[in-house]
Amino acid sequence: MKIFIDSADIDEIKEAYKGGIIDGITTNPSLIKKAVDRRPGLNMKEYIEQILLIANGTPVSLEVIGNAYEDIVKEGKILFNMFNPIAGNVIVKVPVNPAITDVPSYDGIAAIKYLTKTGIPINATLVFTPEQALLAAKAGAVFVSPFAGRIDDFIREENKLAYDKTDYYPSDGWDSSNLKLDDNGVVSGIDLVSQCVEIFREHELPSEVLAASLRNPRQVREAALVGADIATLPFSVIKSLLYHFKTKEGMQNFIKDIVPEYTALFKGKVLEI
Ligand code: E4P
């Protein structure tokens with residue numbers, strides 16, 4: 001499973017890429033807002049150009065802001081034409097259903113289909129049902145992004161369960177019979193990811209499932225186990241994938257046991273690193 005960093009913070013993106021295991025970047029308008037809040041007045045064009053270069057050939061998703069077909073297509077082309085020449089790694093992120101009312105809009109799907117035809121790779125975002133994923137894949141999106149964490153939030157809220165954003169929610173749902181267990185047949189965020197994976201496999205759809213809105217290491221493990229192609233994670237979650245108390249304890253003990261005879265091996269050597 002590929003790991004993307006879900007961030008528009010250039011400092012953490014740089015730090016994350018130093019580890020050598022990051023396969024891409026996802027941004028969205030809220031992440032861009034956070035970056036601007038940190039650096040008011042920043043030159044957005046230059047800032048994004050730097051991010052594209054740091055990504056070193058790995059894909060970077062940049063999101064459109066409009067919700068009408070013409071606007072999505074226009075913005076998708078602007079983002080792609082403005083930024084893809086920098087490093088050839090721009091993916092345009094388009095909401096699967098850009099409506100802000102309960103009446104679904106077909107404009108996202110139509111824009112995905114059209115932009116894909118013009119050669120612009122699309123990440124279909126804000127996917128909350130396997131059916132949305134199916135339509136996005138049929139329209140040709142290269143990445144389809146089910147929002148696992150936000151589905152868990154929704155199910156917990158419906159069931160009036162207290163939770164923190166990063167709390168683990170069981171992949172097979174909550175086990176109390178007094179609760180409304182699911183969101184129309186989706187019992188958890190990871191279940192949503194798993195259903196998307198299954199549909200794409202069953203119907204041989206080439207789109208990759210990009211598990212988004214993952215907020216803790218166990219969710220990442222489960223996304224990998226159900227066959228997600230990609231997981232996009234905040235840097236805090238990427239780092240927390242490395243943590244285990246016994247690893248820390250083992251480290252502390254090894255350090256305590258280092259003898260001078262062993263330390264001497266490393267002393268006085270000047271090497272190019
Ligand atoms: C995905 O592309 C989104 O940027 C993201 O994963 C949303 O995560 P959140 O629900 O934690 O905000």
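Since the model is a prediction, treat every value here as computed from it, not as a measurement. Order of listing sets the numbers, starting from 1, for every ligand and every atom in it.
Interface atoms of ligand 1 facing Asn28, defined by a heavy-atom separation under 4.0 Å, are 3 (C), 4 (O). For ligand 1, the atoms sitting less than 4.0 Å from at least one non-hydrogen atom of Ala212 are 1 (C), 6 (O), numbered in the order shown with element in parentheses. Near Lys165, the atoms of ligand 1 lying under 4.0 angstrom from a non-hydrogen atom of the residue are 11 (O).
The side chain to side chain donor-acceptor pair (under 3.5 Å) test with Ser61 is passed by exactly one of Asn28, Asp6, Thr26, Asn123: Asn123. With Arg215 as the partner, the side chain to side chain donor-acceptor pair (under 3.5 Å) test is satisfied by one option alone out of Asp164, Asp153, Thr166, Asp167: Asp153.
Scanning all protein heavy atoms for the shortest distance to atom 11 (O) of ligand 1 gives Arg215 NE, 3.1 Å. The protein atom (non-hydrogen) at minimum distance from atom 5 (C) of ligand 1 is Asp6 OD2, 2.8 Å. In this structure, the protein non-hydrogen atom closest to atom 12 (O) of ligand 1 is Arg150 NH2, 2.9 Å.
Side chains of Glu249 and Asn253: a donor-acceptor N/O pair is absent below 3.5 angstrom, by distance only.
The cluster map of Ile, Leu, Val, Met, Phe, Trp and Tyr, joined by side-chain heavy atoms under 4.5 Å apart, puts Ile72 and Ile112 in the same cluster. Both Leu53 and Val90 belong to a common hydrophobic cluster when Ile, Leu, Val, Met, Phe, Trp and Tyr are linked at side-chain heavy-atom distances under 4.5 angstrom.
Among residues at least two apart or in separate chains, ring pair (Phe, Tyr, Trp, His ring centres under 6.0 Å) pairs with a member in residues 101-152 are Phe4-Phe143, Phe128-Phe147.
Polar contact with ligand 1: absent for Thr27 (N/O pair, distance under 3.5 Å). Between Lys93 and ligand 1, at least one pair of N/O atoms sits closer than 3.5 Å.
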